[in-house]
J.: 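Okay, handing you the structure first.
If you read the sequence from its start, that first residue is 1, and numbering goes on from there.
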Amino acid sequence: MAEARRDAERTRAELLSVATEVFAEDGFSGARVDEIAARTRTTKRMIYYYFGGKEGLYRAVLEEAYRGIREAERAIDVDHADPVDAIRALAELTFDHHVGHEAFIRLVAIENIHRGEFIRQIEGLRTLSQPAKGLLDEILERGRVAGVFRSDVDAIDVHLVISSYCVFQVANQYTFGHLFDVDLASPERRAHLRTALGDVVVGWLTAPAR
């Protein structure tokens, strides 16, 4: 029974991994269950068994993608970190995650094309996202108590700025790079952008309130 359960978990994980690539490449409308089955060691029948069909598989892919960034955020130890160091670490960790998971960016873009139709169907995804806001709330509150962070910026403001910066430099790397003749994906540029993000967020939060 234990071995069968492990096999089932491996099969499901493989399906999610391949489906993530296919949906990110072709979008929800363009992705084909037959192709996903062909690129795995399973069958179309097994996809329907585990996920109930294409829509169920797509929802599972979205949930797994968001779970990945949420789990990465929880790795930050804010209890023993200076609030300035903690907010910089969070910004840089988010940057690293987006750079390392370009499929996540494409999936988010695809879901926005569908006006969030499928993400609304995933029960518990808002709950899954609450720790991210809670982490930011905690860091910001500690910074305010310490007298280093301004009081007129909330967690959603910070999350929006960090996410916007991270998404743009991945999603628009080809168009922006061509127009301004810059390789946003080069190691040197990525390191520069990573540091710049931390500087922007820290500078904003430590500036006097207006």
Side-chain angles (χ1 to χ4, degrees), residues 1-76 90-136 159-160 162-174 185 190:
M1 289 294 292
E3 184 60 32
R5 185 164 54 252
R6 284 193 291 271
D7 286 343
E9 290 171 354
R10 281 194 293 267
T11 299
R12 190 178 188 279
E14 182 183 17
L15 283 169
L16 282 174
S17 177
V18 172
T20 296
E21 296 174 3
V22 174
F23 282 122
E25 291 167 3
D26 302 329
F28 174 77
S29 301
R32 296 289 179 266
V33 173
D34 287 333
E35 180 185 356
I36 295 170
R39 288 169 60 172
T40 61
R41 295 171 294 179
T42 186
T43 63
K44 183 177 177 179
R45 178 183 174 186
M46 292 302 291
I47 292 175
Y48 279 84
Y49 172 78
Y50 282 108
F51 302 101
K54 180 179 175 180
E55 287 192 11
L57 178 57
Y58 178 66
R59 287 193 297 268
V61 164
L62 282 175
E63 183 173 5
E64 189 69 12
Y66 277 96
R67 189 179 302 279
I69 182 62
R70 299 290 88 94
E71 289 178 351
E73 289 164 344
R74 284 197 288 271
I76 297 179
L90 179 61
E92 293 178 347
L93 180 147
T94 305
F95 182 94
D96 293 341
H97 187 88
H98 282 67
V99 166
H101 297 81
E102 292 192 15
F104 173 67
I105 307 297
R106 292 194 291 272
L107 287 169
V108 171
I110 290 164
E111 184 58 14
N112 277 289
I113 289 173
H114 290 278
R115 300 181 183 274
E117 173 186 352
F118 297 99
I119 200 172
R120 291 193 184 96
Q121 301 171 19
I122 305 174
E123 293 185 12
L125 199 55
R126 280 185 173 178
T127 302
L128 180 66
S129 297
Q130 286 308 304
K133 181 178 179 298
L135 178 65
L136 271 169
H159 186 64
L160 181 60
I162 293 175
S163 295
S164 300
Y165 185 100
C166 293
V167 169
F168 184 93
Q169 55 87 32
V170 175
N172 296 350
Q173 60 183 296
Y174 304 108
R190 281 268 162 86

J.: Answer yes or no: is there a side-chain heavy-atom contact under 4.5 Å between Val22 and Arg39?
T.: yes
J.: Main chain of Ala13, side chain of Ser17: is a donor-acceptor contact present, judged purely on distance under 3.5 Å?
T.: no
J.: Using only atom types and a distance under 3.5 Å, with no angle test, would you say the side chain of Arg126 pairs donor to acceptor with the backbone of Glu123?
T.: no
J.: Between Leu57 and Val33, is there a side-chain heavy-atom distance shorter than 4.5 Å?
T.: no
J.: Please report the interatomic distance OG1(Thr43) to CG(Asp34), rounded to the nearest 0.5 Å.
T.: 10.5 Å
J.: So does Glu111 get a backbone contact from the side chain of Glu117, meaning a donor-acceptor N/O pair under 3.5 Å?
T.: no
J.: Starting at CD1 of Ile47, measure out to CZ of Arg45 and round the result to the nearest 0.5 Å.
T.: 13.0 Å
J.: Within the 4.5 Å heavy-atom criterion, are Phe51 and Arg59 side-chain neighbours or not?
T.: no
J.: Just so I know, are the side chains of Ile119 and Tyr66 near enough to count as touching, which here means a heavy-atom distance under 4.5 Å?
T.: yes
J.: Under 3.5 Å, side chain of His97 to main-chain N/O of Leu93, donor-acceptor pair present?
T.: no
J.: Supply the atom-to-atom distance Leu90 CG to Phe95 CZ, rounded to the nearest 0.5 angstrom.
T.: 14.0 Å
J.: Using side-chain heavy atoms (C-beta onward) and a distance below 4.5 Å, is Ile110 in contact with Phe23?
T.: no
J.: Output the distance between atom CD (Gln173) and atom CD (Glu102), rounded to the nearest 0.5 Å.
T.: 5.0 Å
J.: Please verify the inter-ring angle class for His114 with Phe118; under 30° counts as parallel, over 60° as perpendicular, anything in between as tilted.
T.: perpendicular
J.: Would you confirm whether Ser163, through its side chain, and Leu160, through its main-chain N or O, come within 3.5 Å as a donor-acceptor pair?
T.: no
J.: After noting the C-alpha distance and the side-chain angles of Arg70 and Arg67, does the key distance pass the side-chain contact (heavy atoms from CB on, under 4.5 Å) rule?
T.: CA-CA 5 Å; Arg70 299 290 88 94; Arg67 189 179 302 279; 5.6 Å; no
J.: A side-chain contact here means heavy atoms from C-beta on lying under 4.5 Å apart; do Glu64 and Thr20 qualify?
T.: no
J.: How many angstroms lie between atom OG1 of Thr40 and atom CG of Leu15, to the nearest 0.5 angstrom?
T.: 5.0 Å
J.: I need the minimum non-hydrogen distance between Ile69 and His98, along with the two atoms involved.
T.: CD1-CE1, 4.5 Å
J.: Just so I know, are the side chains of Val167 and Val108 near enough to count as touching, which here means a heavy-atom distance under 4.5 Å?
T.: no
J.: State whether the side chain of Lys133 and the backbone N or O of His159 hold a donor-acceptor pair below 3.5 Å, judged by distance alone.
T.: no
J.: Could you tell me the separation between the CG atom of Leu16 and the CD atom of Glu21, rounded to the nearest 0.5 Å?
T.: 11.5 Å
J.: Could you check if a side-chain atom of Glu35 sits within less than 4.5 angstrom of a side-chain atom of Asp26, using non-hydrogen atoms only?
T.: yes
